[in-house]
Amino acid sequence: MCNQWKMATRLLQRCASGLGQAKRGAQSSGQIVIISRGLASSSNRPTEDSWFKSLFVRKVDPRKDAHSHLLTKNEESNLYKIQFHNVKPECLEAYNKMCEDVFPSLHADKSLPCELVGTWNTWYGEQDQAVHMWRYSGGYQALTEVMNKLRQNKEFTEYRKERGKMLLSRRNQLLLEFSFWNEPVPRQGPNIYELRSYQLRPGTMIEWGNYWARAIGYRQHNREAVGGFFSQIGNLNMVHHLWAYPDLQSREATRNAAWQHEGWDEVVYYTVPLIQHMDSRIMIPLKGSPLQ
């Protein structure tokens, strides 16, 4: 908190100095500048925006590529699906057993261009919830191929039938991975996993990526960074960061240590305003999860 206050104080001092200079300059030229909620207007301003307001308006560079192409490694290489299943409390044990029986065989099937990244139960956060993440090698084409083949898979169709009896609700998202994050690979345990999910303001994904491309270097020292993703289908403007820790105590120590790195306070200060909503889940891997 001390570092955040220092950062905020420096920024406010710079803004105050800049505003004072702008006001004196405007008054000397016969203009009266009125400032309200961060916007500027002038008593004799022409129809176009004033020079003062232009200081606060970000210029949008023309782009010939989608934002997803600028942020991800290769959209055709890996597509991810994350599933959130809210299970009836009395069915959670049977549901977990069913997933542990079915998922490994799907993961090992060489005819399916997909693999299980991880499967967990939420420990802290939404209770009686299962979270699954799958990777499709080959993008949307691979996803379509897997869906078509699974319709003919008797084991999977039986799993879906039984699953429907156990769930209260479910939702999913299709994700791409940030180019500057690690690609999730199997880990030995025991670990706990934290899924931090951020709902960003529309239009800020590139800005988020620019800051985190630098910030991820501050969070690699204990191999805690597992993967970073952003949504393509489902809830849009969503970011998911997946972290691994031996336990809750090491999580706290690792997160506190990040504040000792010069530049981490700036990343936090500038990315917080980009967030509309954020959520954290602490998750425990199931037996068949490649991420243990």
Side chain to side chain contact (heavy atoms under 4.5 Å, CB included) assessment of His240 paired with Met133: CA-CA 12 Å; His240 299 287; Met133 180 175 284; 5.8 Å; no
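- Val185 and Val226 are assigned to two separate hydrophobic clusters, defined by single-linkage of ILVMFWY side chains at heavy-atom distances under 4.5 Å.
- Scanning both residues, Ser105 and Val102, for their nearest heavy atoms gives OG-O, 2.7 Å.
- Leu174 and Leu150 fall within the same hydrophobic cluster, defined by Ile, Leu, Val, Met, Phe, Trp and Tyr side-chain heavy atoms under 4.5 Å apart, directly or through other members.
- Using modelled atom types, one finds no donor on one side chain facing an acceptor on the other under 3.5 Å when comparing Ser197 with Asp279.
- Summarising the local packing, CD of Glu100 is surrounded by more than 12 heavy atoms from other residues, nucleotides or ligands at distances under 6.0 Å.
- With hydrogens and angles left out, the side-chain atoms of Asn86 and Gln127 include no donor and acceptor closer than 3.5 Å.
- Using a distance-only test at 3.5 Å, with no hydrogens or angles considered, a donor-acceptor pair links the side chain of Asn191 to the main chain of Gln292.
- The distance from the CG atom of Asn182 to the CD1 atom of Ile216 is 6.0 Å, given to the nearest 0.5 Å.
- To the nearest 0.5 Å, atom CE of residue Met278 and atom OG1 of residue Thr271 are 9.0 Å apart.
- Closest approach of Ala142 and Tyr136 over heavy atoms only: CB-CB, 4.1 Å.
- Classification of the Trp264-Trp212 ring pair by plane angle, with boundaries at 30° and 60°, yields perpendicular.
- Ionic pairing of Asp101 and Lys97 is present here: one or more N-O contacts between side-chain nitrogen and carboxylate oxygen are shorter than 4.0 angstrom.
- Side-chain contact between Trp123 and Ile192 is present, with heavy atoms from C-beta onward closer than 4.5 Å.
- Looking at heavy atoms from C-beta onward, Val239 lies in side-chain contact with Leu200 at the 4.5 angstrom threshold.
- Here the closest heavy-atom approach between residue Ala225 and residue Arg187 is recorded as O-NH2, 3.1 Å.
- Residues Tyr124 and Ser280 are not in side-chain contact: their nearest non-hydrogen atoms beyond the backbone lie 4.5 Å or more apart.
- Neither side chain, His241 nor Glu194, offers a donor N or O lying under 3.5 Å from an acceptor on the other.
- Expressed to the nearest 0.5 Å, how far CG of Asn210 lies from CZ of Phe180 amounts to 8.0 Å.
- With sequence neighbours left out, the ring pair (Phe, Tyr, Trp, His ring centres under 6.0 Å) criterion links Phe156 to Tyr159.
- Tyr198 and Leu176 end up in the same hydrophobic cluster when Ile, Leu, Val, Met, Phe, Trp and Tyr side chains are linked at under 4.5 Å.
- Within the 4.5 Å cutoff, the side chain of Lys161 has heavy atoms near those of the Glu158 side chain.
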Please report, to 0.1 Å, the donor-acceptor pairs under 3.5 Å made by any side chain of residues 106-118, with sequence neighbours excluded.
residue : atom : partner : partner atom : Å
His107  : ND1  : Leu116  : N            : 2.8
Asp109  : OD1  : Ser111  : N            : 2.9
Asp109  : OD1  : Ser111  : OG           : 2.6
Asp109  : OD2  : Ser111  : OG           : 3.4
Glu115  : OE2  : Arg135  : NE           : 3.0
Glu115  : OE2  : Arg135  : NH2          : 3.4

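- Contact between Gly227 and Trp181 at its shortest, heavy atoms only, is C-CE3, 3.0 Å.
- With rounding to the nearest 0.5 angstrom, the CD atom of Glu224 is 5.5 Å from the OH atom of Tyr245.
- With no hydrogens or angles considered, a side-chain donor-acceptor pair links His85 and Tyr95 at under 3.5 Å.
- When the side chains of ILVMFWY residues are joined at heavy-atom separations under 4.5 Å, either directly or via intervening members, Leu274 and Val268 end up in a single hydrophobic cluster.
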Candidate pair Phe103 and Lys287, rule side chain to side chain contact (heavy atoms under 4.5 Å, CB included), full reasoning: CA-CA 10 Å; Phe103 286 3; Lys287 291 180 180 178; over 6 Å; no
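- Because its NZ or CZ atom is both nearer than 6.0 Å to the ring centre of Trp243 and within 45° of the ring axis, Arg219 counts as a cation-pi partner of that residue.
- Two rings, from Phe230 and Trp208, have their centers 6.0 Å or more apart.
- Of the possible polar contacts, one joining the Ser289 side chain to the Leu291 backbone as a donor-acceptor pair under 3.5 Å is found.
- Using modelled atom types and a 3.5 Å distance limit, the side chains of Asn172 and Gln83 yield no donor-acceptor pair.
- In terms of modelled atom types and a separation under 3.5 Å, the side chain of Thr157 and the main chain of Lys154 share a donor-acceptor contact.
- Side-chain contact check for Met98 versus Glu162: some heavy-atom pair is nearer than 4.5 Å.
- Other residues, nucleotides and ligands contribute more than 12 heavy atoms inside 6.0 Å of the CD atom of Glu90.
- The two residues Leu167 and Lys88 make their nearest non-hydrogen contact at O-CE, 4.0 Å.
- Two different hydrophobic clusters hold Leu92 and Phe84 under the rule that ILVMFWY side chains link at heavy-atom gaps under 4.5 Å.
- Between Asn78 and Glu177 the shortest side-chain heavy-atom distance falls below 4.5 Å.
- Between Trp120 and Tyr193, the ring planes lie tilted relative to each other; the angle falls in the 30° to 60° range.
- In this structure, OH on Tyr80 lies 14.0 Å from CH2 on Trp134, to the nearest 0.5 angstrom.
- Few gaps surround CD on Gln220; more than 12 heavy atoms of other groups in view lie less than 6.0 Å from it.
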Verdict with reasoning, Val87 to Leu168, per side chain to side chain contact (heavy atoms under 4.5 Å, CB included): CA-CA 6 Å; Val87 187; Leu168 294 170; over 6 Å; no
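- Contact of the Leu175 side chain with the Leu79 side chain is not registered, since no non-hydrogen atoms from C-beta on lie closer than 4.5 Å.
- One finds a salt bridge joining Glu145 and Lys149 here, because a Lys/Arg side-chain nitrogen approaches an Asp/Glu carboxylate oxygen to under 4.0 Å.
- Atom OG1 of Thr119 is separated from atom NE2 of His132 by 4.5 Å, given to the nearest 0.5 angstrom.
- Nearest heavy atom pair, residue His221 against residue Tyr218, reads CD2-O, 3.4 Å.
- A donor-acceptor pair under 3.5 Å links the side-chain atoms of Arg201 to the main chain of Pro273, judged by distance alone.
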Derivation of the side chain to side chain contact (heavy atoms under 4.5 Å, CB included) call for Gln199 and Ile275: CA-CA 6 Å; Gln199 178 74 58; Ile275 302 170; 5.9 Å; no
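- Apart from Leu236 itself, the hydrophobic cluster it occupies contains nothing, where clustering links Ile, Leu, Val, Met, Phe, Trp and Tyr at side-chain heavy-atom distances under 4.5 Å.
- Counting heavy atoms from C-beta outward, Ile82 and Val131 have side chains that approach closer than 4.5 Å.
- Heavy atoms of other residues, nucleotides or ligands lying less than 6.0 angstrom from CZ of Arg223 number 12 at most.
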